[in-house]
There are 2 protein chains.
Amino acid sequence: MSLRHAILGILSIQPMSGYDLKKTIDQSVGHFWTADQSQVYRTLAALVEDGLASRRTVAQDERPNLHLHTVTDRGLVALDEWLASPLQTPPMREPFLARLFFADRMPPEAIRELLDVRRREVSEQLAALEAIAVSVDDADIGQVLRLATLANGIAHAKTELEWLDDTARRLERTAP
Amino acid sequence: MSLRHAILGILSIQPMSGYDLKKTIDQSVGHFWTADQSQVYRTLAALVEDGLASRRTVAQDERPNLHLHTVTDRGLVALDEWLASPLQTPPMREPFLARLFFADRMPPEAIRELLDVRRREVSEQLAALEAIAVSVDDADIGQVLRLATLANGIAHAKTELEWLDDTARRLERTAP
DNA sequence: CACTTATATATGCGCAGTCCTATATAGGTG
DNA sequence: CACCTATATAGGACTGCGCATATATAAGTG
């Protein structure tokens, strides 16, 4: 649904090829959005088709040609409409919690292991986020907002780790 | 992917009709999973097709007939295999953060409003979760795990609210 | 020369899920 | 009697997306 809009947003800051767009998504907004490579190209094609972006083939000497994508005026309007449109909370779907909910079918040590694996994953995520985050003084609104999205991921990762500790403790107190 | 398994899990606790299953999903696991009604029926049909569940038509006097679904032995095996299988973290997708990331295209008061709307939504979610949560002493492992999934939602909701406060404060300090 | 890697774009296949609509039974309400 | 609500099941159309694969250019490596 809003990969379209995320792409419009990125292209509105910096026109680029599908290839660079995929890399930008992974690097700059990867902490709150992911996109399959083929889906990026498909979505770009759809945006051009709908007149929200335009493409210009750029010949390169030492690399294959690329399509440079730029947001059109109509694209900017669509982007701003999306930004101003009512928030619709996406359907909750937490596969890890789904497992935990039914995990009492497994022996206690398997449950502990499940929590441990989760802890390792979240720890890695947290480390990756903290490696990106930099404190900025004298920031403009855009920088503050972008940093806030990072801070969001960091805060939730820390909460998840605390909750894992708490849950593991409760389990130890319960398991025989 | 794991609606199949969530359904197997629920049916392993209590055999029921598709209709009741949909209600159970909304009420009991709604804080970490949602499912469309038609998808519930389709998934049930697929489970029966694959021999993981069986259905028995139950005639009712004062209501339409229903299909009572029970997990088969093979279904229980599939459920346990899923529980023991490696966790695969789902792709990150946070539409709200996506918006916030590009929100500096909007005037400051629209950004404030975006944060406020989010705060109201999360507050409601938190209230709903806290209304369900009950403290239980003398709980078995299953109860501890089920409560933990609730506690997870509550912890993250609180974190989100704190982060919203923090972000709003930073914005006030930045905006002219 | 064959192979691998990076750059760059794109299609085919198929699944899971959403939205909408249809169908049927039965009780309650105006 | 018409209408609404709850119970109960299900199909059609469509979308977004993931995975695999194909294609092409060019540089570097063994």
Side-chain angles (χ1 to χ4, degrees), chain A residues 1-8 11 15-27 29-30 33-50 53-69 82 88-95 98, chain B residues 1-8 11 15-27 29-30 32-50 52-69 82 88-95 98:
Chain A
M1 254 262 227
S2 51
L3 177 58
R4 289 174 73 92
H5 303 113
I7 288 179
L8 282 178
L11 291 183
M16 62 182 82
S17 66
Y19 187 81
D20 286 334
L21 191 55
K22 165 63 174 156
K23 281 166 81 176
T24 301
I25 290 171
D26 290 345
Q27 288 160 21
V29 304
W33 206 270
T34 56
D36 182 75
Q37 175 262 120
S38 64
Q39 194 60 21
V40 169
Y41 281 100
R42 263 191 273 264
T43 305
L44 274 174
L47 289 174
V48 171
E49 175 77 16
D50 294 349
S54 63
R55 56 167 48 147
R56 185 166 69 82
T57 302
V58 175
Q60 299 188 117
D61 284 348
E62 308 188 345
R63 288 177 188 179
N65 295 351
L66 57 80
H67 296 324
L68 188 67
H69 295 83
W82 169 64
Q88 38 188 1
T89 317
M92 261 286 192
R93 221 152 260 166
E94 300 283 353
Chain B
M1 252 260 230
S2 52
L3 177 59
R4 287 174 74 91
H5 303 112
I7 288 179
L8 282 178
L11 291 182
M16 61 182 81
S17 67
Y19 186 82
D20 285 335
L21 191 54
K22 164 64 174 156
K23 281 167 80 175
T24 301
I25 290 172
D26 289 345
Q27 288 159 22
V29 303
F32 61 78
W33 207 270
T34 56
D36 182 76
Q37 176 262 119
S38 63
Q39 193 61 19
V40 169
Y41 281 99
R42 265 192 264 265
T43 305
L44 274 174
L47 289 174
V48 171
E49 176 76 15
D50 294 348
L52 305 183
S54 64
R55 58 167 47 144
R56 187 166 67 82
T57 302
V58 176
Q60 298 188 115
D61 285 348
E62 307 188 346
R63 288 177 189 178
N65 295 350
L66 57 81
H67 296 324
L68 189 67
H69 295 83
W82 169 66
Q88 38 189 2
T89 316
M92 260 288 192
R93 223 150 261 169
E94 300 283 352

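Worth knowing before you read on, the calculation uses all heavy atoms, side chains too, and leaves out hydrogens, waters and symmetry mates. Lettering of chains follows the sequences in order, A, B, ..., and the numbering in each one begins at 1.
Considering only residues two or more places apart in sequence or on other chains, B:D26 meets the side chain to side chain contact (heavy atoms under 4.5 Å, CB included) condition with B:K22. Take B:D36 and apply the salt bridge (charged side-chain N to carboxylate O under 4.0 Å, His left out) test, not counting sequence neighbours, and it matches no residue. Here B:Y41 pairs with nothing under the ring pair (Phe, Tyr, Trp, His ring centres under 6.0 Å) rule; sequence neighbours left out. For the side chain to side chain contact (heavy atoms under 4.5 Å, CB included) test, residues two or more places apart in sequence or in another chain that qualify with A:P90 are B:P95.
An OP1 or OP2 oxygen of C:dT9 is reached within less than 4.0 angstrom by a side-chain nitrogen or oxygen of A:Y41. In this structure, B:T43 does not reach the C:dA16 phosphate: none of its side-chain N or O atoms is under 4.0 Å from OP1 or OP2. The shortest distance between the side-chain N/O atoms of A:R55 and the OP1/OP2 oxygens of C:dA8 is not below 4.0 Å. Using a 4.0 Å cut-off, some side-chain N or O of A:K23 falls inside it from OP1 or OP2 of C:dT7. A:S17 has a side-chain polar atom (N or O) that falls below the 4.0 Å cut-off from OP1 or OP2 of C:dT9. Applying the 4.0 Å criterion to OP1 and OP2 of C:dT7, one finds that A:Y19 has a side-chain N or O inside that range.
Counting any heavy atom pair closer than 4.0 Å across all strands shown, A:K22 reaches no nucleic acid atom.
B:L68 has its CG atom 11 Å from the P atom of D:dA8, to the nearest Å. Here D:dT9 presents its P atom at 14 Å from CG of B:L47, a figure rounded to the nearest Å. Nucleotide C:dA6 holds its C1' atom 12 Å from the CG atom of A:D20, rounded to whole Å. If you measure from atom CG of B:L66 to atom P of D:dT9, you get 6 Å, rounded to the nearest angstrom. Taking atom CE of residue B:M92 and atom P of nucleotide D:dC17, one finds them 16 Å apart after rounding to whole Å. For the pair A:D50 CG and D:dT15 P, the interatomic distance rounds to 11 Å; values are reported in whole Å. Between B:N65 atom CG and D:dA6 atom C1' there is a gap of 16 Å when expressed in whole angstrom units. B:H5 has its NE2 atom 11 Å from the P atom of C:dG17, to the nearest Å.
Along DNA chain D, the nucleotide nearest B:R93 and the nucleotide nearest B:G18 are compared for position; the residue whose nucleotide lies closer to the 5' end is B:G18.
Going from atom CE of B:M92 over to atom CH2 of A:W33 covers 11.5 Å, rounded to the nearest 0.5 Å. Here the CD1 atom belonging to A:I7 is positioned 8.0 Å from the CD atom belonging to A:Q39, to the nearest 0.5 angstrom. Rounded to the nearest 0.5 Å, atoms CD (A:Q60) and CG (A:N65) are 7.0 Å apart. How far CG of A:L8 is from CG of A:L3: 9.5 Å, rounded to the nearest 0.5 Å.
Between the axis at the start and the axis at the end of the helix from C:dC1-D:dG30 to C:dG30-D:dC1 there is an angle of 0°, using five pairs per end and rounding to 10 degrees.
Between B:R4 and B:D50 the shortest side-chain heavy-atom distance falls below 4.5 Å. Contact annotation: the side chain of A:L21 never approaches that of A:H69 to less than 4.5 Å [non-hydrogen atoms, C-beta and beyond].
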Just the table, please: protein N/O against nucleotides 19-27 of chain D N/O, every pair under 3.5 Å.
| from | atom 1 | to | atom 2 | distance (Å) |
| --- | --- | --- | --- | --- |
| D:dC19 | N4 | A:S38 | OG | 2.7 |
| D:dC19 | N4 | A:R42 | NH2 | 3.4 |

